[in-house]
Amino acid sequence: MTARALKTAGMVERHAPLAMAGLILFLPLILIDPGTWLVLAIAGLAMGMMIFLMASGLTLVFGLMDVLNFAHGAFVAVGAYLATGLLSPGGPFAGLMGVSLLGDVGAMLLAILVACAAAGVLGLVFERVIVRRVYGAHLRQILITVGGLIVAEQLITVIWGADPIPLPKPETLRGSIFIGDIAVERYRLVACALGLVAYLGMHFALNRTRIGLLVRAGVENREMVEALGYRVRRLFVGVFVAGTALAAAGGVMWALYQEIVTVHIGADVMILVFIVVIIGGLGSVGGCFLGALLVGLTANFMGYLAPTLALGSNILLMVAVLLWRPRGLYPATKN
Amino acid sequence: MLNWIISGDRPRSRILAAVLIIILLGLLLAPFVFPGTRSLAVAARICVLIVLVASYDILLGYTGIVSFAHTMFFGIGAYGVAIALNALGPSWGAVGLGTVAGVAVSIAAAAVIGLLSLRVRAIFFSMITLAVASFFLILASQLSFITGGEDGMSFRVPRMLTPAFKLFEDEIFGQRFNGRLVAYYLVFISSLVLFLFMLRVVNSPFGRVLQAIRENDFRAEALGNRVVLYRTAASCLVAALAALAGVLNALWLRYTGPDATLSFAIMLDILLMVVIGGMGTLYGAVIGVVILSLAQFYLQDLMGAASSALAGIPVLPELIAADRWMLWLGILFVLSVYFFPTGIVGKLRER
């Protein structure tokens with residue numbers, strides 16, 4: 001093969017998933033009128049952004065340290081339950097809320113920050129107590145983190161009770177904005193914006209900072225980074241904590257989106273998170289972002305076009321991607 | 001003779017042997033020793049769970065891969081029989097057809113999942129089984145015209161298994177030998193045969209290869225074993241066994257529903273039973289099932305009583321309330337993965 005042909009093949013290799021995303025985004029236009037399509041696309045993107053928040057930490061932790069944390073959903077649930085306390089009418093941020101859009105978004109951001117901090121601390125403890133002893137042993141890792149999930153869910157029930165807790169959206173985030181005669185839900189736009197900011201922030205941190213450089217290098221070849229004298233272990237703890245914090249942030253937003261919080265909120269959404277992580281390629285943040293958007297879009301378009309198929313659409317998407325690329329869309333280079 | 005029956009897999013511990021004999025006799029004589037519908041239900045549940053958990057142990061303890069889809073196959077077997085009996089009426093033909101269909105679907109599903117995910121790495125398998133199992137749970141509760149939806153489906157079983165049927169006119173040891181007892185012994189004998197079959201499998205050359213894969217898959221491959229094929233074959237085998245357990249469960253309960261067969265809670269129970277009893281030995285599955293089932297049925301009452309006795313003290317009653325027993329099992333589970341990964345059976349054998 002000539003150098004030129006190789007280069008083209010590489011380009012195709014790299015951009016084929018993007019083309020697929022474009023296809024899933026625009027193909028439904030044939031069947032759906034543009035107004036409805038826009039509504040569905042924004043709904044799908046919003047859902048995808050929220051799932052991305054929850055999935056990104058999981059995939060990075062896996063890529064860096066080969067740890068798959070099945071208890072990740074517990075941190076999502078912690079975020080959701082903290083939101084019910086913080087954003088309820090009698091909560092600490094009640095004074096900010098219900099006056100202006102700025103106040104409501106501010107209250108929401110504050111709640112996210114508090115949830116991130118709390119989940120970060122819990123993540124630190126979890127890493128110490130549960131995960132630290134089982135590095136390198138996949139089987140025990142899965143078992144131990146599932147055990148952690150059971151204990152965490154039970155403790156959540158002890159603290160917050162077993163009944164579902166309603167969580168209404170702040171006043172000004174309810175309802176829709178009209179663009180022409182198309183109604184777009186406000187909260188979805190906010191979710192899209194926040195998710196995009198989180199992705200760009202993460203992109204910046206990973207590609208433009210020294211720590212990001214080390215994290216990426218660690219994902220690629222951990223031994224080499226250690227040989228150069230860096231403590232990958234400490235780096236990993238940092239990424240683990242950041243991952244749990246992101247899960248909690250996703251939990252707050254997901255809870256507001258669902259408007260009701262149950263004990264299984266984390267475990268339920270974890271199914272989607274796992275699908276996203278698999279589709280994106282374990283360890284890859286870019287793949288995770290694309291995978292999350294694909295899952296969100298597929299769920300919403302299929303839900304509209306063929307409600308009976310919508311249930312399985314994400315599983316079918318996963319199967320299709322795996323048949324095409326067994327290691328996911330953008331696998332991290334380490335095998 | 002006995003050695004042949006248990007495929008040369010001795011308990012290797014006197015206490016373990018004694019406990020196993022007590023369990024066997026207890027289950028054999030359950031209708032006579034522990035009269036009452038509740039204890040018979042517990043005994044039948046234990047028989048079914050032994051098959052289900054032991055088959056899961058072949059995957060987890062012997063092959064070293066974690067699946068979260070075991071309840072899915074359990075459910076496929078149960079729904080297979082349920083749908084066949086509903087469609088064709090209560091006959092043994094319908095039971096046979098439903099069983100064959102359930103087992104065939106389970107094997108096909110396991111083969112597809114295995115070939116799709118085990119090709120890459122074993123950890124993929126765990127995540128994909130979780131996704132597929134949850135998809136199946138949603139499917140079963142949504143397709144209500146076939147599966148009865150959330151409510152599940154009740155159905156009539158062949159007359160021989162109903163309370164109205166009398167095998168003998170007279171009482172035996174003070175028990176009427178009616179159809180419920182026939183059903184119980186059907187469950188008991190099938191479970192026993194399936195368990196002995198599993199003992200044979202894990203002590204066969206096939207079972208040895210599975211253990212080799214668990215210890216070091218790279219080396220097993222280098223020795224000339226196609227690891228992917230063995231893993232897939234193991235997951236197909238246990239899928240079929242789980243489906244059979246599902247059939248027994250459905251025949252005993254005369255009911256099948258998402259919560260009774262498919263829920264994630266049952267999957268966690270199976271995991272707890274295997275790990276606490278002892279991974280990598282089928283006797284561990286038996287011990288795990290018996291201890292946890294008895295705890296589930298009887299300890300909960302105790303915890304409820306203790307909780308109300310401690311009412312007034314903050315937090316403490318909430319922590320030991322009857323519904324919180326999963327919390328303590330979870331903690332026990334985590335501790336046992338850390339400190340005695342070989343479980344109760346492993347501890348007994350050390351002595």
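Throughout, protein chains are lettered first and strands after them, A, B, ... in sequence-line order, and every chain is numbered starting at 1. Model, not experiment: these values are computed from the prediction.
Side-chain contact between A/I150 and B/L272: present, with at least one pair of heavy atoms (C-beta onward) separated by less than 4.5 Å. In this structure, A/E153 and B/L327 have side chains that are not in contact, with every pair of non-hydrogen atoms separated by 4.5 Å or more. In this structure the side chain of B/F124 reaches within 4.5 angstrom of the side chain of A/L322, judged on heavy atoms.
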Exercise for review: Under the side chain to side chain contact (heavy atoms under 4.5 Å, CB included) rule, what do A/T157 and B/M326 come out as? Steps first, then yes or no, please.
Suggested key: CA-CA 11 Å; A/T157 333; B/M326 243 344 227; over 6 Å; no
Practice item. For B/I128 and A/I275, run side chain to side chain contact (heavy atoms under 4.5 Å, CB included): C-alpha distance rounded to whole Å, both residues' side-chain angles, the deciding distance at 0.1 Å, then the answer. Key: CA-CA 8 Å; B/I128 286 180; A/I275 293 177; over 6 Å; no
**Study point:** side chain to side chain contact (heavy atoms under 4.5 Å, CB included) assessment of A/L143 paired with B/M279
**Key:** CA-CA 12 Å; A/L143 293 179; B/M279 281 186 282; 3.8 Å; yes
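Only the side chain of A/I142 has a heavy atom closer than 4.5 Å to any heavy atom of chain B. If you measure heavy-atom distances from B/L130 to chain A, the contacts under 4.5 Å come from both the backbone and the side chain. Only the backbone of A/V129 comes within contact range of chain B, judged by heavy atoms closer than 4.5 Å. If you measure heavy-atom distances from A/L272 to chain B, you find no contacts under 4.5 Å at all. Residue B/F136: no heavy atom, backbone or side chain, is found under 4.5 Å from chain A. Of the two parts of B/L268, only the side chain, counted from C-beta on, holds a non-hydrogen atom closer than 4.5 Å to a non-hydrogen atom of chain A.
Around the CZ atom of A/R132, the shell of radius 6.0 Å holds more than 12 heavy atoms that belong to other residues, nucleotides or ligands. The number of heavy atoms from other shown groups lying within 6.0 Å of CZ (A/R233) is above 12.
Between the CZ atom of B/F264 and the CG atom of A/L149 there is a distance of 6.5 Å, given to the nearest 0.5 Å. A/I315 CD1 to B/S134 OG: the interatomic distance, rounded to the nearest 0.5 Å, is 5.5 Å. Put simply, CG on A/L68 and OG on B/S126 are 7.5 Å apart, with the number rounded to the nearest 0.5 Å.
Each of B/L60, B/V112, B/L332, B/L329 has some count of heavy-atom pairs under 4.5 Å with chain A, and the biggest count is that of B/L60. Ranking A/M270, A/H138, A/R133 against chain B, the residue ahead of the rest is A/R133, based on heavy-atom pairs under 4.5 Å. Note on A/V134, A/V151, A/I159: by heavy-atom pairs under 4.5 Å with chain B, the leading option is A/V151.
A distance below 6.0 Å separates the ring centres of B/F68 and A/F70.
Counting only distance, with no hydrogens or angles, the side chain of A/R140 and the backbone of B/V337 share a donor-acceptor pair below 3.5 Å.
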